[in-house]
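Note that this is a predicted model, so its numbers are computed, not measured.
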Amino acid sequence: MTTARIGLLPALLIATSLAFAGWSVGQGVERFRMADRSVTVKGLAERDVQSDFAVWALGFRRAGSDFAGVQKGLSEDRNRVVAFLREQGFSDDEIQVQPLQVQDLLAREWAPQAIALRFNGNGQVLVKTARIEAVGKAANGVDPLIQAGIQLDTEQNGFAGPRYQLRGFNDLKPALLQDATRNAYEQAAKFAEDAGARLGELKTANQGVIRVLDDDGSDMDTGRTPGKRLRVVSTFEYSLR
């Protein structure tokens, strides 16, 4: 009889531990300590927001065997790009013209003996504005520039569209953290109720890292989407009475 009782107690403890582990995973409870009667929970908060600033780099390039010809062509391309942006409603304060660059490929130490197009040049015009919708509309309407023979550059990974930013991030932090705190408190209160205890004071809190993500399901912020998703997971420890 004694042996049976000794074996039964560990079995009950194991079963109880497994049941709590399964429940805590589903409820967001991270840790429960019986010794000092406390519970640690994670509060999750997410919000979908819109970017408040855009930077659009319109790069263009030309190549040729004549330095002056390449430079002239780039200058004309730049004027066409600026004219296009003004037609789209952008002001001179929103448009930044960058210096033209022309490179002599034969001037490089590793240059081959024969080059079909000796001179390679590029230029860039930047648009910096808080008018997100105007940038998106203009970026989808660059066909006239291509039809005019302008070779628009692409950035890495073949992307040449606007980059959207969230400059008002700090203004959104308090509400997001408040949501995470509320979520954690509700989980802790539910756990205390189910455990037949009362939720006590907050012992420790860890804000966690607020992440800014693209709203297209990406797990990072590439800057390509005007919509952003803010996400934070904060950790709180409450005492139990």
Side-chain angles (χ1 to χ4, degrees), residues 46-64 67-104 119-177 209-232:
E46 291 184 330
R47 285 200 173 194
D48 290 328
V49 299
Q50 287 293 311
S51 299
D52 52 21
F53 202 81
V55 177
W56 185 20
L58 285 94
F60 48 92
R61 64 185 185 276
R62 278 187 180 267
F67 177 87
V70 171
Q71 188 177 43
K72 180 181 178 182
L74 288 173
S75 180
E76 292 173 349
D77 290 345
R78 182 173 61 186
N79 292 338
R80 289 193 184 97
V81 170
V82 172
F84 166 79
L85 293 174
R86 287 173 177 163
E87 291 172 358
Q88 298 298 313
F90 295 107
S91 66
D92 290 342
D93 291 337
E94 297 172 306
I95 301 173
Q96 295 184 9
V97 177
Q98 304 299 305
L100 300 176
Q101 298 181 355
V102 180
Q103 182 182 25
D104 184 353
F119 298 98
N120 195 326
N122 61 78
Q124 188 179 77
V125 177
L126 294 175
V127 177
K128 295 183 177 181
T129 180
R131 298 191 297 125
I132 305 301
E133 293 183 359
V135 170
K137 180 180 178 181
N140 289 327
V142 296
D143 286 358
L145 294 177
I146 298 174
Q147 293 168 0
I150 298 177
Q151 301 179 54
L152 295 177
D153 261 340
T154 58
E155 299 179 13
Q156 290 184 349
N157 301 322
F159 181 73
R163 297 287 182 173
Y164 298 98
Q165 303 173 359
L166 189 60
R167 296 193 171 185
F169 171 76
N170 286 333
D171 296 332
L172 301 171
K173 283 177 59 177
L176 188 71
L177 293 174
V209 178
I210 300 178
R211 300 185 62 195
V212 181
L213 314 172
D214 291 339
D215 67 351
D216 60 357
S218 174
D219 61 351
M220 65 180 64
D221 178 19
T222 65
R224 299 184 182 186
T225 63
K228 305 293 181 185
R229 171 162 291 185
L230 303 182
R231 177 184 297 163
V232 64

**Study point:** Test side chain to side chain contact (heavy atoms under 4.5 Å, CB included) applied to V82 and L58, V125, D77, the passing residue
**Key:** V125
Check your understanding: Only one of V102, L100, N122, N120 forms a side chain to side chain contact (heavy atoms under 4.5 Å, CB included) with V70, so which one is it?
Key -> V102
Practice item. Taking ring-ring contact (aromatic ring centres under 6.0 Å, His included) as the test, write out the residues that go with F169, two or more places apart. Key: none
Practice item. Please confirm whether the backbone N or O of I150 pairs with a side-chain atom of R62, one donor and one acceptor, at under 3.5 Å? Key: no
**Study point:** Passing candidate, side chain to side chain contact (heavy atoms under 4.5 Å, CB included) with L166, options D171, V49, D221
**Key:** V49
Check your understanding: Under the 3.5 angstrom rule, does the side chain of D214 hit a backbone N or O of D216 as a donor-acceptor pair?
Key -> no
**Study point:** Nearest heavy atoms of L145 and R80, plus distance in Å
**Key:** CD2-O, 3.9 Å
**Study point:** Test item: R47 side-chain N/O and R231 main-chain N/O as donor-acceptor pair under 3.5 Å
**Key:** no
Exercise for review: Would you mind checking if K228 and D48 are paired as a salt bridge, meaning a charged N to carboxylate O distance below 4.0 Å?
Suggested key: no
Exercise for review: Indicate the atoms forming the closest heavy-atom contact of A138 with F90, along with that distance.
Suggested key: CB-CE1, 3.8 Å
Review point. Would V232 and V209 count as a side-chain contact (heavy atoms from CB on, under 4.5 Å) if you check the C-alpha gap in whole Å, the side-chain angles of each, and the deciding distance to 0.1 Å?
Key: CA-CA 6 Å; V232 64; V209 178; over 6 Å; no
Check your understanding: Which heavy-atom pair separates Y164 from S51 by the least distance, and what is that distance?
Key -> CB-OG, 3.4 Å
Review point. Between D52 (side chain) and R167 (backbone), is there a donor-acceptor pair under 3.5 Å?
Key: yes
Point to revise | CZ-OG1 distance between R163 and T225, expressed to the nearest 0.5 angstrom | key: 10.5 Å
Practice item. Taking all non-hydrogen atoms of both residues into account, name the closest pair between P162 and W56 and its distance. Key: N-CD1, 3.8 Å
Point to revise | Heavy-atom check, side chain of L126 versus side chain of I95, under 4.5 Å | key: no
Exercise for review: Among residues two or more places apart or on two chains, list those pairs meeting salt bridge (charged side-chain N to carboxylate O under 4.0 Å, His left out) that have a residue in residues 128-143.
Suggested key: E94-R131
Revision key, fill the gap. Nearest heavy-atom contact between F60 and L74 is CE1-O, 3.5 Å
Exercise for review: Without swapping roles, check the side chain of R211 against the backbone of D219 for a donor-acceptor pair under 3.5 Å.
Suggested key: yes
